[in-house]
Amino acid sequence: MAVKVGNSWVSEAAYAYAKEKAAERSSGEASGGSMLSQLSDKFPDLKFSTNTEPFSSKGKNNMAIAPNILKEMEEDPEKCLEYEALIYDCNNTQKSIANRDGLISFGFILNSDGSLGAWSVSKANSGNYRNQFKLDKKDKNNWTDQILEKSRLKKAEQKKIEKKNAEKKKTEQEAEKKAEEKKDEKKSLKQKEAKVIGRTVDMKL
């Protein structure tokens with residue numbers, strides 16, 4: 001069951017986790033350091049950065065957070081609870097898709113306006129292709145399906161392009177073959193004409 005925290009919907013497990021960490025901060029048990037380093041300690045499976053450009057990292061465990069969001073988390077306990085719970089769910093979703101066939105790299109983006117996005121780079125027969133996602137925080141249970149569904153659609157589009165390119169190549173090859181055959185026919189005809197012209201005809205009168 002999803003729980004609304006601030007402007008986000010998160011899982012019950014995420015909410016419970018964030019509440020526990022909030023209690024630790026209130027009692028002074030939380031570790032010091034920057035918010036980014038604290039998050040790195042809490043979620044060691046994720047690679048955190050402040051670069052929110054899609055496709056800017058390698059690996060399948062990227063979590064980019066806009067600097068102003070990190071500042072909000074440092075200054076506002078409620079915002080910290082909300083975003084920490086959201087990151088908890090991002091971490092679990094990332095783990096669920098990490099072993100997907102063809103996935104080369106993947107990352108979540110917590111944008112400056114608080115919206116959540118993601119990106120992926122996957123392998124295809126004709127080369128790598130890129131996907132970008134805008135994820136609905138109100139429907140976090142659908143994140144994995146949304147990511148995989150878009151990837152499947154992208155893969156289907158890629159197959160259509162590959163099929164179209166293959167058909168185009170085949171047409172070009174057939175055209176080249178016909179042109180070559182026509183060229184050979186002309187060459188053969190010229191050779192026959194040359195033989196006729198060079199032949200001596202013995203006529204007895």
Side-chain angles (χ1 to χ4, degrees), residues 1-100 103 105-121 130-151:
M1 181 178 175
V3 179
K4 190 176 183 183
V5 185
N7 294 318
S8 304
W9 287 87
V10 299
S11 65
E12 288 183 334
Y15 180 67
Y17 173 87
K19 285 285 283 185
E20 180 185 336
K21 296 302 175 184
E24 289 178 6
R25 283 191 293 274
S26 298
S27 63
E29 295 177 19
S31 59
S34 68
M35 180 56 65
L36 206 61
S37 64
Q38 288 181 44
L39 291 172
S40 295
D41 291 339
K42 293 171 185 174
F43 302 98
D45 293 328
L46 291 176
K47 185 168 63 179
F48 289 91
S49 77
T50 55
N51 186 351
T52 55
E53 288 295 319
F55 317 111
S56 59
S57 305
K58 295 180 180 179
K60 305 174 185 178
N61 59 340
N62 301 289
M63 183 77 223
I65 305 176
N68 68 300
I69 297 296
L70 288 171
K71 188 168 183 175
E72 285 182 21
M73 292 178 73
E74 289 174 349
E75 297 176 349
D76 186 339
E78 289 301 315
K79 285 293 181 184
C80 188
L81 190 150
E82 175 186 349
Y83 290 126
E84 200 164 308
L86 199 58
I87 293 166
Y88 179 98
D89 283 335
C90 287
N91 187 37
N92 284 344
T93 301
Q94 178 271 326
K95 288 178 181 178
S96 72
I97 64 171
N99 295 321
R100 183 171 64 86
L103 185 66
S105 54
F106 178 85
F108 283 103
I109 299 175
L110 193 45
N111 296 298
S112 58
D113 62 355
S115 63
L116 186 68
W119 58 268
S120 69
V121 179
R130 298 179 171 193
N131 282 321
Q132 280 186 263
F133 316 93
K134 184 176 180 181
L135 299 173
D136 185 359
K137 292 192 293 183
K138 293 180 180 178
D139 191 16
K140 61 87 36 196
N141 290 327
N142 192 41
W143 286 356
T144 302
D145 292 339
Q146 185 179 342
I147 291 166
L148 296 179
E149 181 61 26
K150 188 165 184 180
S151 296

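Only this structure's heavy atoms are used, side chains among them; waters, hydrogens and symmetry mates stay out.
No side-chain donor-acceptor contact under 3.5 Å links Lys4 to the backbone of Val10. Checked by atom type and distance alone, the side chain of Asn61 pairs as donor or acceptor with a backbone atom of Asp45 at under 3.5 Å. When atom types are taken as modelled, the side chain of Gln94 and the backbone of Lys60 share a donor-acceptor pair closer than 3.5 angstrom. Side chain of Asn111 to main chain of Asp113: no donor-acceptor pair is present (N/O by atom type, distance under 3.5 Å, no hydrogens or angles).
Using a 4.5 Å heavy-atom threshold, the side chains of Val3 and Trp9 count as separate. Looking only at side-chain heavy atoms (C-beta outward), Pro54 and Arg130 stay at 4.5 Å or farther from each other. No side-chain heavy atom of Ile65 sits under 4.5 Å from any side-chain heavy atom of Thr50. Within the 4.5 Å cutoff, the side chain of Ile109 has no heavy atoms near those of the Leu116 side chain. By the 4.5 Å heavy-atom criterion applied to side chains, Phe43 and Ile87 are counted as neighbours. Using a 4.5 Å cut-off on side-chain heavy atoms (C-beta onward), Met63 and Leu110 make contact.
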Practice prompt. Report the C-alpha distance between Glu74 and Lys71 in whole Å, list the side-chain angles of each, state the deciding distance to 0.1 Å, and finish with yes or no for salt bridge (Lys or Arg N to Asp or Glu O under 4.0 Å).
Written response: CA-CA 5 Å; Glu74 289 174 349; Lys71 188 168 183 175; over 6 Å; no
Practice prompt. Please step through side chain to side chain contact (heavy atoms under 4.5 Å, CB included) for the pair Met35 and Cys80, ending with a clear verdict.
Written response: CA-CA 9 Å; Met35 180 56 65; Cys80 188; 4.0 Å; yes
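Within a 6.0 Å sphere centred on CG of Asn99, heavy atoms belonging to other residues, nucleotides or ligands number 12 at most.
Closest approach of Phe55 to Ser120, counting heavy atoms only: CE2-O, 3.5 Å. When all heavy atoms are compared, the tightest approach of Ala66 to Thr52 is N-CG2, 3.7 Å. Of all the heavy atoms in Ser56 and Trp119, the pair that sits closest is N-CZ2, 4.4 Å. Here the shortest heavy-atom pairing between Phe48 and Ser40 reads CD1-OG, 3.6 Å.
Residue pairs meeting the side-chain hydrogen bond (donor to acceptor under 3.5 Å, both in side chains) criterion with at least one partner in residues 78-88, sequence neighbours excluded, are Ser8-Glu82, Arg25-Glu84, Lys42-Glu84. Note on residues 58-78: no pairs pass ring-ring contact (aromatic ring centres under 6.0 Å, His included), not counting sequence neighbours.
Atom CD1 of Ile97 sits about 3.5 Å away from atom CZ of Phe106, to the nearest 0.5 Å. Going from atom CG of Leu86 over to atom SG of Cys90 covers 5.0 Å, rounded to the nearest 0.5 Å.
A donor-acceptor pair shorter than 3.5 Å can be found between the side chains of Ser11 and Asp89. If you check the side chains of Ser37 and Ser34, you find a donor sitting under 3.5 Å from an acceptor.
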